[in-house]
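Note sheet for the following structure.
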Protein chains: 2
Amino acid sequence: MFLSIGDLAARTGVKVPTIRYYESRGLLAAPVRSAGNQRRYGRAELERLGFIRHARDLGFSLEAIGALIELQDHPDRACASATRIAQGQLGAVREKIRRLRALESELARIVEGCTGDGAARDCYVLASLADHDLCSRDHPADAKSSTQLS
Amino acid sequence: MFLSIGDLAARTGVKVPTIRYYESRGLLAAPVRSAGNQRRYGRAELERLGFIRHARDLGFSLEAIGALIELQDHPDRACASATRIAQGQLGAVREKIRRLRALESELARIVEGCTGDGAARDCYVLASLADHDLCSRDHPADAKSSTQLS
DNA sequence: TGTAATCTCTCTAGTCACTAGAGGTTCAAG
DNA sequence: CTTGAACCTCTAGTGACTAGAGAGATTACA
């Protein structure tokens with residue numbers, strides 16, 4: 001079981017440059033190299049990368065994943081901090097949903113108010129954005145960090 | 001009505017470096033300057049920055065905001081593209097909510113499965129992340145772009 | 001064994017929407 | 001006229017990658 005970086009990428013669904021990036025960030029240990037300096041991976045790395053990918057899919061930051069891996073490497077430590085990290089993530093997800101729902105209703109209101117067939121001067125979308133009073137009050141004012149849609 | 005950049009920041013809630021950043025991105029026109037080369041703003045800039053801020057609060061990208069401003073500057077054009085941008089944003093918000101809800105239930109399941117008082121070797125959080133089969137199948141596998149929590 | 005196609009290597013730079021800091025200049029109050 | 005706050009430009013950093021250049025390694029097949 002000697003996998004090239006491309007094999008590992010194919011098996012885990014993580015792109016090749018991303019694997020190298022994870023190594024540079026310390027989430028994956030530097031693997032053994034072939035005679036020609038190419039990375040060679042085994043089962044352990046396959047599993048760890050699967051772990052990372054699964055955690056990323058659930059939205060954990062690389063920093064949080066690093067902490068979880070640290071814990072995984074020390075099975076006799078208390079698992080409380082893993083639980084805390086996951087709870088933090090859950091809380092962040094819930095908060096984000098809450099804010100996005102407020103955005104959704106505001107945007108829906110704006111979109112529905114506009115027929116889309118007039119001139120820009122009469123556009124309800126533009127008017128709503130220009131005039132905060134047209135807005136059902138209090139949509140998140142300082143929530144940029146959680147409303148980015150990348 | 002001659003506002004310094006600090007006054008403008010105080011009135012709109014947009015930070016000073018962010019205002020300069022918007023200017024550099026072309027969202028705000030370069031304003032007149034004082035004798036000593038400091039920016040001086042008037043009512044038009046105040047309103048435009050309010051527009052930008054409102055749109056940012058609703059999650060629009062700077063690129064989308066640029067397109068909306070372009071339209072605002074040409075009131076005789078059709079408003080259809082403004083509506084399209086807003087609809088796109090609404091769709092993106094809804095999609096994001098959908099994905100976050102899937103994450104939420106998965107995370108809640110993982111967190112609830114763990115008492116948090118054992119050792120890391122028996123931690124359900126860590127086990128769930130290590131083994132995708134422990135997972136109620138199909139949570140978003142390729143949804144990173146919309147699940148980041150910044 | 002030769003060769004061609006595909007991988008892989010390192011390094012740099014770009015993405016988005018800011019934010020922080022250095023080092024220097026201008027303004028407004030007292 | 002002095003002081004201190006606000007302002008100027010410029011560079012670099014954030015997170016989590018992604019893209020590309022230019023060079024070297026590996027593999028499949030003849």
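Proteins come first, then strands; the chains are lettered A, B, ... in the order of their sequence lines, and each starts at number 1.
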Could you state the atom-to-atom distance from [atom1] of [X] to [atom2] of [N] in whole Å?
X	N	atom1	atom2	answer
A:Arg53	D:dA16	CZ	P	16 Å
B:Ile5	D:dA5	CD1	P	19 Å
A:Leu8	C:dT8	CG	P	10 Å
A:Ile65	D:dG15	CD1	P	13 Å
A:Leu3	D:dT26	CG	P	16 Å
B:Glu23	D:dC8	CD	C1'	12 Å
B:Arg20	D:dC10	CZ	C1'	11 Å
B:Glu63	C:dT15	CD	C1'	12 Å

Is the distance from OP1 or OP2 of [N] to the nearest side-chain N or O of [X] less than 4.0 Å?
X	N	answer
A:Ser4	C:dT8	yes
A:Ser34	D:dT26	yes
B:Arg33	D:dT9	yes
A:Arg56	D:dC17	yes
A:Arg39	C:dT10	yes
B:Lys15	C:dC18	no
B:Thr18	C:dA17	no
A:Tyr21	D:dG15	no

With a 3.5 Å distance limit and no angle check, can you tell me whether [X] reaches the backbone of [Y] through a side-chain donor-acceptor pair?
X	Y	result
B:Glu106	A:Leu58	no
A:Thr18	A:Val14	no
B:Asp131	B:Ser128	no

Taking for B:Tyr41 and for A:Asn37 the nucleotide of DNA chain D with the nearest heavy atom, the one nearer the 5' end belongs to B:Tyr41
Closest-nucleotide mapping onto DNA chain D: is A:Arg25 or B:Gly6 further toward the 5' terminus? I mean the 5' end.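 This one resolves to B:Gly6.
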With the side chain of [X] defined as its heavy atoms from C-beta on, choose the nearest nucleotide among [options].
X	options	answer
A:Gln38	D:dG24, D:dC7, D:dC17	D:dG24
A:Tyr22	D:dC7, D:dC17, C:dA17	D:dC17
B:Pro17	D:dC7, C:dT19, C:dC9	C:dT19

Is there a side-chain contact between B:Thr12 and B:Ile52, using heavy atoms and a 4.5 Å cut-off?
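No, too far: nothing below the 4.5 Å cut-off.
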Heavy atoms only: give me the nearest A:Arg48-A:Leu27 pair and the separation to one decimal.
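Scanning both residues, the minimum pair turns out to be CD-O, 3.5 Å.
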Rounded distance [0.5 Å steps], CZ in B:Arg43 versus CD in B:Glu45 =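 Answer rounded to 0.5 Å: 11.5 Å.
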